[in-house]
Amino acid sequence: MHYLLEIPAALESLRIAAPFTTAVLQELPEIRDRDRIIRELTLVASEAVTNALCHGSVTGLTIRLEYDLAPDAIIISVTDYGSGFDLETVVPPDLVLFQEGGYGVYIMKSIMDVVSYEKTDDGNYLVLRKSWERQ
Amino acid sequence: MHYLLEIPAALESLRIAAPFTTAVLQELPEIRDRDRIIRELTLVASEAVTNALCHGSVTGLTIRLEYDLAPDAIIISVTDYGSGFDLETVVPPDLVLFQEGGYGVYIMKSIMDVVSYEKTDDGNYLVLRKSWERQ
Amino acid sequence: MSIKVTQQEAVTVLTLTGRFDALMSREFKSCISGLINNKRLYMVIDMSSVDFIDSSGMGALVGGVRGVIKEQGEIRIAGLSPEVQTIFELTRLHRIFDIYETVDRACASFS
Amino acid sequence: MSIKVTQQEAVTVLTLTGRFDALMSREFKSCISGLINNKRLYMVIDMSSVDFIDSSGMGALVGGVRGVIKEQGEIRIAGLSPEVQTIFELTRLHRIFDIYETVDRACASFS
Ligand SMILES: Nc1ncnc2c1ncn2[C@@H]1O[C@H](COP(=O)(O)OP(=O)(O)O)[C@@H](O)[C@H]1O
Ligand SMILES: Nc1ncnc2c1ncn2[C@@H]1O[C@H](COP(=O)(O)OP(=O)(O)O)[C@@H](O)[C@H]1O
């Protein structure tokens, strides 16, 4: 199942993206640890969308949030049309410094199996994948 | 503000479309009779999406639901990729027969200012517009 | 969205919760025909927790009334919230229903 | 999403409701700096109605703690639900907070 949302590139769009995410994740099959996985995916989606809206955002443009839901995996993809960045050079937060930011990519990498990022002619394309045991 | 949702052409997609609609309509400005207008638009959106999912639906395809929100008007558009129909020849329900169906288009026309329908190469495009006094 | 079925003496109460749209209609219809098959022909539909109804929901209610009456049964409806008024006014379908303020009153009306 | 501010004797209680994401963070930060400006330096953050928090929310909390401590005040946190545990574990930021089970206990701890 494929679900796509396109929203204005403004922080207020979180009010639309959040209930969309909640509704899609309710479609997850009855897998082990379902509640925990839903909580983790909700967090990851929020980090990814917030980054796209804050860093990858040019007023007047949009961002896209897509979910591909299979019986044993989910792919979350977020497209923004900003200037992009280099995912590989993002340094993980120093957990003894109690930083106020810089946790987003680290959270995504901690929770998801695959985190990839690609700059294309049609936007910057962040792909997040997580699989689970099929029941 | 423009919001777009694309979902599988299956009745279950109502579980995604409904919270999307609720969230977008919360963005309506503080106009007179706001609650009533939101209730009416929720109804119209449900009728239009259900028609696209039921009549305009071929398994494996998608439908699109879009909202264009301006300070004094909203445009709801629904695109499906089914065989389409002729909006002009839909007869309104006979309100003394207590029919079980056939109310959708009648409800859209009763509530919205403009109801138009166009078959294009890129799907069947239902456009519903309502305006209100700007406050 | 859910339908809960409980028995109050001779009366079957269907408590609907959430959106009464095409998805709930599908469940509602199969629920009603199940009850008819089991000769449970006196029903109260508790709508007090329905926060939305569209023409699919209204159609399912009308179909339910027809189906039950055909078998000499009766359906009564209780707890209509203001949220469902819009469509009642537009379709004028409320005239086909026996409407009570509360489930208790609807149940009592059978005796 | 909302922030309610109430005064319980010398302590200011901020009751957060809903999602503590980047939108609520924005409000939370301006709320905290308003309180600091008004010399309200003893605060309890009631998180019991927060059903979700992400790194923006965590960052806003950490920033709030820092801002208040800098002015010789104190912030305590109460009512952490299981929903917020995931990010606490990942960021290990809970170690910077004074955490109490309930608002009442957090308020009492000031005296
Ligand atoms: N969609 C994006 N577009 C541009 N830059 C981004 C994007 N996402 C992340 N970044 C960059 O990567 C950095 C690290 O992101 P993250 O780990 O989420 O922490 P934070 O957003 O709190 O800084 C950001 O500060 C930003 O420079
Ligand atoms: N998106 C659509 N695609 C194809 N046919 C449609 C579509 N929407 C409506 N129709 C046609 O118009 C008729 C009237 O629709 P409506 O007034 O909503 O009543 P109902 O859906 O209950 O039949 C439908 O029965 C169907 O034949």
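Every chain is numbered from 1 and lettered A, B, ... according to where its sequence line falls, protein lines coming before strand lines.
Of all the heavy atoms in C:Ser55 and B:Gly104, the pair that sits closest is OG-N, 4.2 Å. When all heavy atoms are compared, the tightest approach of C:Pro82 to B:Arg39 is O-NE, 4.2 Å.
In this structure, chain B has a heavy atom under 4.5 Å from the side chain of C:Arg19, while its backbone stays farther away. Contacts of B:Ile111 with chain C are made by side-chain atoms alone, with heavy-atom separations under 4.5 Å and no backbone atom involved. Only the backbone of B:Leu97 comes within contact range of chain C, with heavy atoms under 4.5 Å apart. Within the 4.5 angstrom heavy-atom criterion, atoms from both the backbone and the side chain of B:Glu12 approach chain C. Contact of B:Arg36 with chain C is not made at all, since no heavy-atom distance falls under 4.5 Å.
In this structure, OG on C:Ser56 lies 7.5 Å from CG on B:Leu11, to the nearest 0.5 angstrom. C:Asp54 CG to B:Thr42 OG1: the interatomic distance, rounded to the nearest 0.5 Å, is 11.0 Å. Summarising the geometry, atom CZ belonging to C:Arg95 is positioned 6.5 Å from atom CG belonging to B:Leu95; distances are rounded to the nearest 0.5 Å. Put simply, CE on C:Met58 and CD1 on B:Ile107 are 8.5 Å apart, with the number rounded to the nearest 0.5 Å.
Looking only at distances, no side-chain donor or acceptor of B:Tyr103 sits under 3.5 Å from a matching main-chain atom of C:Gly59.
Of the listed residues (C:Leu23, C:Leu61, C:Ile96, C:Ile53), the greatest number of heavy-atom pairs within a distance under 4.5 Å of chain B belongs to C:Leu23. With respect to chain B, the highest number of heavy-atom pairs below 4.5 Å among C:Asp21, C:Thr86, C:Thr91, C:Val65 belongs to C:Thr91.
A 6.0 Å sphere centred on CD of C:Gln7 holds more than 12 heavy atoms belonging to other residues, nucleotides or ligands. Other residues, nucleotides and ligands contribute more than 12 heavy atoms inside 6.0 Å of the CE atom of C:Met1.
Residues B:Glu47 and C:Ile87 have side chains in contact (heavy-atom distance under 4.5 Å, counting atoms from C-beta outward). When side chains are defined from C-beta on, C:Arg66 counts as touching B:Glu100, because their heavy atoms get closer than 4.5 Å.
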